[in-house]
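FYI, side chains are in, hydrogens and waters are out, and symmetry mates aren't considered; it's all heavy atoms of this structure. Chain naming here is simple, since letters A, B, ... match the order of the sequence lines and numbering starts at 1 in each.
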Amino acid sequence: MHDLREIRENPEKFKTGLIRRGEDRTVIDKVLNLDEERRKLILEVETLKSKRNSESQQVGLLKKKGEDASEIIVAMKRLGDEIKELDEKQGLIETQIEELLLGIPNVPHPSIPDGKDDKENVTVNLWGEPTKFTFDPKPHWDIGTDLDILDFDRAGKITGSRFTIMKKSAAKLSRALISFMIDVHTSQNGYSEIYPPYMVNSASMTGTGQLPKFAEDAFKIDKTDYWLVPTAEVPVTNMYRDEILDISDLPIYHVAYTACFRAEAGSAGRDTRGLIRQHQFDKVELVKFVLPEDSYNELDKLTANAARILELLGLPYRKVMMCTGDVGFSAAKKFDLEVWMPSYNNYVEISSCSNFEAFQARRANIRFRREAGAKPEFVHTLNGSGLAVGRTIAAIMENYQTEDGSVIVPEALRPYMGIDKISK
RNA sequence: GGAGAAGUACCCAAGUGGCUGAAGGGUCCGCACUCGAAAUGCGGUAGGUCAGCUAAGCUGGCGCGGGGGUUCAAAUCCCCCCUUCUCCGCCA
């Protein structure tokens with residue numbers, strides 16, 4: 001969410017941001033008109049309230065002296081009705097402004113390219129080379145089914161499409177990856193581990209930007225105000241909602257594993273096979289709370305932390321900078337890490353690292369003070385996958401497959417797996 | 001699920017209808033004591049948010065878990081909700 005005062009002072013900045021994203025900029029003028037009306041009303045109603053307060057005080061004083069105050073009381077009763085009417089009008093306008101503000105995306109950072117969609121993203125660098133095979137490589141869904149470690153059919157039976165049962169070495173690989181990733185981030189990259197709830201309330205979903213605009217992408221628990229987390233970003237970022245953080249605690253780095261749940265409402269027919277697009281998947285997430293002046297440096301570090309996992313696993317990847325059309329609603333700048341996926345003969349997103357600047361912090365009201373007595377400022381929040389576990393399993397199975405249908409276990413995972421090869 | 005208690009600013013905490021933006025602490029700053037620090041003593045500043053006029057600042061509104069209500073006037077009275085704690089019940 002944006003600061004109303006900032007929009008008032010610099011509307012062009014926000015209009016330009018919307019234009020760069022290819023979105024309707026007239027919302028800014030709508031907000032400004034409502035804001036003007038709102039401030040006029042405030043001025044009017046506050047004058048009346050000030051009068052009511054002082055006159056009411058007179059009533060108390062008169063009564064103490066045993067004098068008659070009924071004239072003031074009658075007058076104030078009338079004034080009270082007037083105030084009530086104006087208050088309601090003001091509340092209505094403020095609700096309208098709030099609704100508009102919650103629907104305005106973040107302003108893209110100047111450094112990111114203009115573009116309509118993912119085709120105009122820019123590759124920043126490549127690590128490794130697409131894996132070459134001396135035989136015809138199989139997609140991971142075939143490898144997994146043939147090894148009897150992935151079971152899509154029974155998952156469909158017990159739940160539905162876009163769910164998977166992982167068995168034996170696949171199940172263990174999943175556990176191994178989660179532990180491996182968390183261990184690297186806590187012991188080498190300075191993150192502190194969090195294990196949060198998998199359900200959050202609507203206020204949290206609003207705080208990070210999933211609500212109100214993207215309700216159809218998430219699963220809502222019937223008869224409650226709870227949502228299944230689409231990413232650990234939501235519970236972890238909202239940990240500090242409505243708090244003023246101590247500057248000596250900044251920057252805060254958290255790493256959290258959760259299962260993630262996504263309705264995938266707009267993805268019918270896409271990535272229907274395998275582990276790439278599931279309603280439930282595992283992810284290790286990195287979340288940072290930092291000083292505003294540090295956030296872009298922190299974004300580079302966070303992206304490097306996520307990339308480090310791919311490098312340790314020996315998986316070829318590229319780093320891509322998102323263009324304005326693909327940067328996402330809440331982010332000002334975003335890098336995707338895309339892993340080489342032989343079955344797609346292409347790179348597939350496996351991590352998304354974003355700087356939200358104060359966009360989420362303002363929604364969630366997460367602040368800090370530079371010194372005692374100083375005015376609280378909003379922190380900058382960042383997050384990134386470190387990594388998506390299901391896609392990592394798919395990438396390992398495909399890139400490390402052998403001609404006989406088994407899968408070599410990457411060196412870094414062997415201590416966690418206890419074996420160096422997954423075979424029949 | 002049942003019974004009871006509580007929620008006041010960054011933290012602790014007093015406050016049951018008007019003079020309470022809210023005592024007192026802590027935190028923070030200065031001074032004294034000390035070789036220095038701690039502890040102690042003395043003095044002092046600040047406090048969230050919105051609006052207005054401005055250069056610092058000043059004025060006003062809101063605000064005491066959240067939302068509604070009663071009243072000329074609400075931290076204080078009433079209703080609903082949330083959270084925490086204690087006891088009981090149930091349970092992995």
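Nucleotides B/G17 and B/U76, compared at atom P, are 11 Å apart to the nearest Å. One P atom belongs to B/U20, the other to B/G60, and the distance between them is 15 Å to the nearest Å. Here the separation of B/G2 from B/C11, taken at their C1' atoms, is 35 Å to the nearest Å. If you take atom P in B/C64 and the same atom in B/U49, they sit 15 Å apart, rounded to whole Å. Here the separation of B/G44 from B/A55, taken at their C1' atoms, is 26 Å to the nearest Å. For B/A74 and B/G69, the C1' atoms lie 11 Å apart once the distance is rounded to whole Å. Separation of the C1' atoms belonging to B/G18 and B/U71 is 12 Å when rounded to the nearest angstrom. Annotation: B/A23 and B/G66 have their C1' atoms spaced 26 Å apart (nearest Å).
A side-chain donor from one of A/Ser204 and A/Asn201 sits under 3.5 Å from a side-chain acceptor of the other. A donor atom on one side chain and an acceptor atom on the other are not found under 3.5 Å apart for A/Tyr253 and A/Asn305. Side-chain contact of A/Glu233 with A/Thr208: a donor-acceptor pair under 3.5 Å is absent, judged by distance alone. Judged by distance alone, the side chains of A/Asp336 and A/Ser352 do bring a donor and an acceptor atom under 3.5 Å apart. Using a 3.5 Å distance cut-off with no hydrogens or angles, the side chains of A/Ser343 and A/Glu398 do pair a donor with an acceptor.
Between A/Asn53 and B/G60 there is no side-chain polar atom (N or O) within less than 4.0 angstrom of OP1 or OP2.
Taking a 4.0 Å limit (strictly below) on heavy-atom distances, residues 218-230 of chain A does not reach RNA chain B anywhere.
A salt bridge between A/Arg39 and A/Asp35 is present, with a side-chain N of the basic residue lying under 4.0 Å from a carboxylate O of the acidic one.
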Pair A/His2-A/Phe359, ring-ring contact (aromatic ring centres under 6.0 Å, His included): steps then yes or no | CA-CA 6 Å; A/His2 297 299; A/Phe359 188 84; 5.4 Å; yes

Can A/Arg270 and A/Glu264 be said to form a salt bridge (charged side-chain N to carboxylate O under 4.0 Å, His left out), step by step?
-> CA-CA 10 Å; A/Arg270 279 177 65 196; A/Glu264 295 295 348; over 6 Å; no

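Atom CG in A/Leu61 sits about 13 Å away from atom C1' in B/C72, given to the nearest Å. Rounded to whole Å, the distance from CG on A/Asp3 to P on B/U49 is 11 Å. Note: NZ (A/Lys84) to P (B/U71) measures 9 Å, nearest angstrom. The interatomic distance linking A/Leu245 (CG) with B/C11 (P) rounds to 12 Å, in whole Å. Whole-Å rounding puts the A/Lys89 NZ to B/G61 P distance at 21 Å. Atom pair A/Asp87:CG and B/G69:P shows a separation of 10 Å (rounding to whole Å applied). At whole-Å resolution of the value, NZ in A/Lys65 and C1' in B/G18 are 14 Å apart. With rounding to whole Å, A/Gln57 atom CD is found 14 Å from B/A73 atom P.
For the pair A/Ser54 and A/Ile244, both in contact range of RNA chain B, the more 5′-proximal nearest nucleotide belongs to A/Ile244. For the pair A/Val45 and A/Lys63, both in contact range of RNA chain B, the more 5′-proximal nearest nucleotide belongs to A/Val45.
Of the nucleotides present, none pairs with B/A92 by Watson-Crick or G-U wobble criteria with both distances under 3.5 Å. Look at B/G43: its Watson-Crick or wobble partner, with both distances under 3.5 angstrom, is B/C29. Taking a pair to require two hydrogen-bonding distances under 3.5 Å in either a Watson-Crick or a G-U wobble arrangement, B/A5 pairs with B/U84. Of the nucleotides present, B/C62 is the one that pairs with B/G48 by Watson-Crick or G-U wobble criteria, both distances under 3.5 Å.
Listed here is the closest heavy atom pair of A/Thr303 and A/Cys353: OG1-CB, 3.5 Å. Contact between A/Ser267 and A/Arg277 at its shortest, heavy atoms only, is CB-CD, 3.6 Å.
Distances were taken from every side-chain heavy atom of A/Arg367 (C-beta onward) to each of B/U49, B/A73, B/G61; the shortest belongs to B/U49.
Under the side chain to side chain donor-acceptor pair (under 3.5 Å) criterion, A/Thr392 pairs with no residue, sequence neighbours left out.
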Nucleotide by nucleotide, 5' to 3', does protein get under 4.0 Å of the base (B), only the sugar-phosphate (S), or neither (-) in nucleotides 51-56 of chain B, counting heavy atoms?
-> SS----

